[in-house]
Structures are given as C-alpha cells and as structure tokens.
Amino acid sequence: MKFKVGMISLGCPKNQVDGELMLEKLSKNGFEISSTVEESDIVIINTCGFIEDAKREAIETILETAEYKKAGIISAIIVTGCLAERYQDEIIKEIPEVDSVIGIGADRDIVKIVQKAALGISTSFFPSKDLLQLEGERMLSTPSHWAYLKLSDGCDNKCSYCAIPLIRGEYRERSVESILDEARLLAKKGVKELILIAQDTTKFGKKLYGEYKLAELLKELVKIDGIRWIRLYYCYPDRITDELIDVIAKEDKICPYIDIPLQHCNEQVLRNMNRNGSYASLKALLNDMRSRIPNLALRTTFMVGFPGETDEQFEELCSFVKEIKFDKMGCFAFSPEEDTPAFELENQIDDDVKKRRAEILMDIQYSVTEQLNNEKIGKTYAAVIDSTAEYGYTARAYFDSPEIDSGIIINTDRSLNIGDFVNVKIVGYDGYDLIGELV
C-alpha cells in the first residue's frame with residue numbers, strides 16, 4: 001500500500017520552505033503527496049508559534065485535523081514547526097490525537113518519522129535546532145513561476161519581544177555557491193521570480209564570510225538566465241548599506257521593492273524593543289533610498305501596544321505613517337511571549353487599547369493606499385499573471401509581492417498563461433486592488 005501524506009504549512013515563508021524540503025524527501029521515498037486532508041492517510045502540520053494569533057491558528061488547525069482522525073478519515077497526525085519546537089510537552093499532553101511531535105531539527109528525518117507513523121508508532125524527537133536543513137531539493141508549494149529562496153535561518157538580533165531566537169536557534173547561513181546553485185535549478189524548473197528570505201536577509205554573509213554579502217549575492221543572481229524578478233524580504237534597517245542600495249538601483253532584475261520591518265519609529269520604544277533608530281534617522285534612511293532607487297516601493301510592519309507605549313508615542317507613529325506614505329504596510333498588536341524580556345516588562349497595554357491602535361494605524365494606511373492607487377491610474381506597468389478569475393486574471397506588478405500584498409484585476413477574454421508577463425494600464429482601483437487593462 002502506498003501511503004498518502006498531506007501537509008498543512010502555517011506561518012511564514014521560511015516555514016513553507018522547510019515544508020517543501022520535507023515533501024520532496026517523502027516523495028522520493030515512495031510516499032504519495034496529497035493536496036487535501038481528506039485524501040491523506042497521514043497529515044503533517046507544520047506550525048507557526050511566533051505570536052499569540054499564530055499559536056491560536058496552529059492549535060485550531062491541529063484540533064480540526066484531529067476530528068478527521070476521530071472519524072477514521074486519516075490514520076496519523078504529525079506536528080512539527082515552531083509551535084512543536086516551543087510547546088512540545090503541552091501538545092503531547094493536551095492533544096492525545098497527535099501521534100508524533102517533532103522539533104525543527106528533526107525535519108530532516110521526516111521519512112523515518114512518517115514510516116513509523118504508518119506502522120502506528122509514535123515519535124517525540126527534538127534534536128538540535130542547528131540540524132534544521134537549510135538547503136536541498138524541494139517540492140515547490142508555490143505556483144510554478146515564483147519561489148522563495150532561503151538564505152539563512154535563526155537569529156541573533158535579540159529584539160526584546162521576539163521568541164524566534166528561542167525557537168529557531170542561533171543565526172546560521174548558507175554559502176553563496178549553494179544559493180546560486182539552487183537559484184539556477186529553480187530557473188531551470190521555470191521559476192521567473194525569486195523572493196529572498198531569512199530572519200534578516202541584510203545580515204547575510206556575516207557568519208561565513210565576516211562581511212555583509214547580500215549585494216554581492218544579488219550581482220550574481222541577476223546573471224541567471226530565466227530569472228526576471230528578484231525581490232527582497234526582511235531587510236534590517238541598520239544593515240541597508242550604500243552598496244546594497246546601489247545594486248538595487250542599477251539592476252533591472254531586482255524589483256525596486258524592499259520589505260523593511262521597522263516595528264516603530266519612536267526612539268524610546270525602539271530602545272525598549274532592543275532595536276535602533278528614531279523618527280529622524282529612519283526618515284532619513286527611507287528618503288535616501290527613495291532618492292537613489294527610482295520608483296521604490298517600501299513595505300513595512302509596525303507593532304503597536306508595546307509595554308509602556310504612550311498615547312504621544314503612538315501619535316508619533318501615526319504621523320510617521322502619514323508622512324512616509326509606505327506603499328505597503330502591516331500592523332500587529334504586541335503579543336507578550338513567554339521567556340522574552342518584554343514579557344516581564346511593566347506597563348503592559350490593555351488588549352482593547354492595542355486593538356484600537358492597530359485599527360487606527362491601518363485606517364491611516366488605507367487613506368495612504370487610496371492616494372497612491374489614484375496616482376497609478378493611467379500608468380502602464382509590466383505585470384505577471386498569477387491566477388485566473390471569473391472576470392479574467394489577477395496579476396502583480398513589481399510593487400506587489402505574492403500572498404501578502406494586493407494585486408491587479410484584469411478584465412479580459414484574452415487567453416493568457418499563469419506566469420506570463422504582460423503590460424497593464426491601470427484604469428482604477430477597488431479597495432487595495434488595482435484594476436487594469438492589457439496594453
């Protein structure tokens with residue numbers, strides 16, 4: 001009997017890449033990969049455990065999947081990922097329907113673990129986080145025209161609110177050669193857009209080479225035939241160098257799109273977060289980048305309700321968002337995470353206040369988005385077709401990243417293929433989405 005294995009991957013793109021590495025191993029070792037829980041014999045849940053909402057989603061997913069096991073539809077559940085790494089004992093104790101709970105360092109042994117599960121043997125295995133595989137063949141779970149490319153894992157930044165160093169371990173990175181080899185392989189498979197990911201992409205090179213190497217890596221990636229777009233996530237503001245700005249400005253294949261999770265703009269709040277920066281210094285950096293990189297699209301994430309955040313400090317953040325006019329912005333309320341310094345801080349903010357502040361900031365951003373979308377009307381952009389829809393297609397220009405940003409709605413009867421690049425004239429917008437016509 002050929003067992004069917006399904007995977008539910010939650011959380012960030014880095015987690016998704018971990019899942020793709022596991023799926024490829026299973027496929028090569030005789031397991032059939034299923035796209036739904038209902039069609040699976042064994043289900044792997046690759047969890048996130050970064051903040052409270054992510055933990056809640058992971059637990060709800062495990063409980064929902066457990067119902068399939070109770071009904072006899074699936075035979076075993078394996079839980080891995082960040083929630084498993086962090087709350088191993090609790091998962092085993094509280095959810096008896098789970099057969100195996102494994103840490104991220106055990107992902108490389110997923111074939112043996114699934115083989116045991118198929119025989120009714122449970123596994124609880126938590127080896128060193130450093131054993132988490134950073135490279136290898138993957139079964140892509142993204143559409144065939146774009147893929148994530150992981151540069152490193154773990155983190156040494158020690159932001160006071162963040163549990164990632166506890167969960168994922170110390171910062172470790174891949175060699176330039178291995179990343180380029182994987183990029184070439186992805187290009188041969190038809191991938192046209194690479195999205196570079198890590199906990200902190202701008203730190204790349206420091207561990208293995210003693211100096212920042214992101215700019216140098218980009219110079220080599222643009223030489224790969226078949227790759228049309230390269231996109232940067234998770235760029236730490238302290239490490240955005242002049243060389244990196246110059247490379248992005250010069251190379252056509254590198255999208256003038258940078259994700260910089262700033263978290264806040266108030267100097268005291270940032271200090272309390274164990275981060276650097278201030279309203280003035282961050283504004284100077286972003287203005288410098290915009291002056292040197294034509295048509296730069298900036299994406300960021302802010303945290304509201306950090307312990308001790310005053311009304312005045314929050315208002316400063318609101319002013320910052322109004323002034324900078326980020327092309328894309330996300331916001332989440334501070335989540336007190338056990339075993340982090342911020343968990344012990346006094347002056348914790350009431351949940352209702354945090355929620356209201358997040359709503360206010362997103363309302364401001366919506367007004368900014370409306371203004372920026374209005375400015376795009378009448379302009380023509382190169383865009384990639386992402387999916388079909390009732391009205392035609394959805395597409396993205398350089399200023400939209402897949403899965404996290406909005407897109408362009410194209411009404412057309414013309415036959416196009418997913419992954420095609422077309423020219424689109426913007427004629428309007430609907431909320432965050434743009435509306436375009438093929439040129």
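As the structure is a computational prediction, the values presented were derived from the model and not from experiment.
- Side-chain atoms of T123 do not come within 3.5 Å of backbone N or O of F125 as any donor-acceptor pair.
- In summary, R184 and D181 engage in a salt bridge, as defined by a charged side-chain N under 4.0 Å from a carboxylate O.
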Using distance only, find each side-chain donor-acceptor pair of residues 246-261 under 3.5 Å and give its atom names and separation, not counting sequence neighbours.
{"residue": "D246", "atom": "OD1", "partner": "R292", "partner atom": "NH2", "Å": "2.8"}
{"residue": "K253", "atom": "NZ", "partner": "V222", "partner atom": "O", "Å": "2.9"}
{"residue": "K253", "atom": "NZ", "partner": "I224", "partner atom": "O", "Å": "2.8"}
{"residue": "K253", "atom": "NZ", "partner": "I227", "partner atom": "O", "Å": "3.0"}
{"residue": "Y257", "atom": "OH", "partner": "R299", "partner atom": "NE", "Å": "3.4"}
{"residue": "Y257", "atom": "OH", "partner": "D405", "partner atom": "OD2", "Å": "2.7"}
{"residue": "D259", "atom": "OD2", "partner": "Y234", "partner atom": "N", "Å": "3.0"}

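- Put simply, CG on L214 and OG1 on T241 are 7.5 Å apart, with the number rounded to the nearest 0.5 Å.
- Between E97 and A66 the shortest heavy-atom distance is CB-CB, 3.7 Å.
- With contacts defined as side-chain heavy-atom distances shorter than 4.5 Å, the pair Y432/Y366 qualifies.
- Looking only at distances, no side-chain donor or acceptor of S401 sits under 3.5 Å from a matching main-chain atom of I404.
- Note that K206 lies in the cation-pi zone of Y212, set by a 6.0 Å cut-off to the ring centre and a 45° limit from the axis.
- When all heavy atoms of A58 and L83 are compared, the closest pair comes out as CB-CD2, 3.8 Å.
- Between N295 and Y398, the side chains place no donor N or O within less than 3.5 Å of an acceptor N or O (distance only, hydrogens not considered).
- Remark: D53 CG to K55 NZ distance equals 10.0 Å, nearest 0.5 Å.
- Contact check on R56 versus E60 returns no salt bridge, with no Lys/Arg side-chain nitrogen under 4.0 Å from an Asp/Glu carboxylate oxygen.
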E243 and K219: salt bridge (charged side-chain N to carboxylate O under 4.0 Å, His left out), yes or no, with the steps?
-> CA-CA 11 Å; E243 184 185 14; K219 290 176 186 176; 3.3 Å; yes
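- A distance-only check finds no donor-acceptor pair linking the side chain of S27 to the backbone of L23 [under 3.5 Å].
- At least one side-chain heavy atom of E20 sits less than 4.5 Å from a side-chain heavy atom of T142.
- The two residues C155 and I164 come nearest to each other via the heavy atoms CB-CG2, 4.3 Å.
- Using a distance-only test at 3.5 Å, with no hydrogens or angles considered, a donor-acceptor pair links the side chain of D156 to the main chain of Y171.
- Nearest approach of Q348 to P336, heavy atoms of both residues: OE1-CB, 4.3 Å.
- Using a 4.5 Å heavy-atom cutoff, the side chains of Y148 and K14 are not in contact.
- Two residues are said to be in side-chain contact when any heavy atoms from C-beta on lie closer than 4.5 Å; L10 and I8 meet this criterion.
- There is no side-chain donor-acceptor pair under 3.5 Å between S160 and N274.
- Taking CG from L21 and CG from L134, the interatomic distance works out to 9.0 Å, rounded to the nearest 0.5 Å.
- In this structure, E90 does not pair ionically with K93, as no charged nitrogen and carboxylate oxygen lie closer than 4.0 Å.
- M303 places none of its side-chain heavy atoms less than 4.5 Å from the side chain of K354.
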Would you please test I293 and I245 for side chain to side chain contact (heavy atoms under 4.5 Å, CB included) and show each step?
-> CA-CA 7 Å; I293 304 173; I245 293 173; 3.9 Å; yes
Step by step, work out the salt bridge (charged side-chain N to carboxylate O under 4.0 Å, His left out) result for R138 and E182.
-> CA-CA 10 Å; R138 294 189 275 145; E182 183 176 1; 2.8 Å; yes
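- Ion pairing between a basic and an acidic side chain is recognised when a charged N comes within 4.0 Å of a carboxylate O; E193 and R228 show no such pairing.
- Of the listed residues (K203, K207, R168), just one forms a salt bridge (charged side-chain N to carboxylate O under 4.0 Å, His left out) with D153, and that residue is R168.
- Judged by distance alone, the side chains of H264 and E309 do bring a donor and an acceptor atom under 3.5 Å apart.
- Of the possible polar contacts, none joining the R357 side chain to the A333 backbone as a donor-acceptor pair under 3.5 Å is found.
- Checked by atom type, the side-chain pair Q268/N272 shows a donor-acceptor distance below 3.5 Å.
- Other residues, nucleotides and ligands contribute at most 12 non-hydrogen atoms within 6.0 Å of the CG atom of D225.
- In this structure, a donor-acceptor pair under 3.5 Å is absent between the side chains of Y209 and E216.
- Side chain of T310 to main chain of Q313: a donor-acceptor pair is present (N/O by atom type, distance under 3.5 Å, no hydrogens or angles).
- The closest side-chain donor-acceptor pair between S141 and Q16 falls under 3.5 angstrom.
- For the 3.5 Å distance criterion, the side chains of E338 and Y87 qualify, holding a donor opposite an acceptor.
- Proximity of V98 to I62: side-chain heavy atoms (C-beta onward) are separated by under 4.5 Å at one or more points.
- F320 and F302 have perpendicular rings, their planes meeting at more than 60° on a 0 to 90° scale where under 30° would count as parallel.
- Applying the side-chain hydrogen bond (donor to acceptor under 3.5 Å, both in side chains) test between D238 and each of T202, N276, N157 identifies N276 as the sole match.
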side-chain hydrogen bond (donor to acceptor under 3.5 Å, both in side chains) assessment of K25 paired with Q133 = CA-CA 12 Å; K25 280 186 172 63; Q133 191 174 350; 2.3 Å; yes
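- Using a 4.5 Å heavy-atom threshold, the side chains of W146 and E403 count as touching.
- Ion pairing between a basic and an acidic side chain is recognised when a charged N comes within 4.0 Å of a carboxylate O; E137 and K189 show no such pairing.
- With contacts defined as side-chain heavy-atom distances shorter than 4.5 Å, the pair F314/N266 does not qualify.
- Side chains of D420 and H145: no donor on one and acceptor on the other come within 3.5 Å.
- A donor-acceptor pair under 3.5 Å links the side-chain atoms of S122 to the main chain of D99, judged by distance alone.
- The backbone N or O of I104 lies less than 3.5 Å from a partner atom in the side chain of E85, making a donor-acceptor pair.
- Minimum heavy-atom separation, P13 to Y233: CG-CE2, 4.3 Å.
- In this model, a donor atom of one side chain and an acceptor atom of the other lie less than 3.5 Å apart for E337 and S335.
- Relative to the six-membered ring of Y381, K425 misses at least one condition, a distance below 6.0 Å or an angle of at most 45° to the axis.
- Not one N or O on the side chain of S178 forms a donor-acceptor pair closer than 3.5 Å with the backbone of R174.
- The pair K129-E170 does not meet the salt-bridge criterion, since no charged nitrogen lies less than 4.0 angstrom from a carboxylate oxygen.
- One distance of note links CG of L149 with CD of E135; it measures 10.5 Å at 0.5 Å rounding.
- Note that the CG atom of D327 and the CZ atom of F399 stand 9.0 Å from one another [nearest 0.5 Å].
- Although no hydrogens or angles enter the test, the distance criterion places no donor-acceptor pair under 3.5 Å between the side chain of R231 and the main chain of W229.
- Heavy atoms only, all atoms of each residue included: T36 and S34 are closest at O-OG, 3.0 Å.
- To the nearest 0.5 angstrom, L372 atom CG is 11.5 Å from F326 atom CZ.
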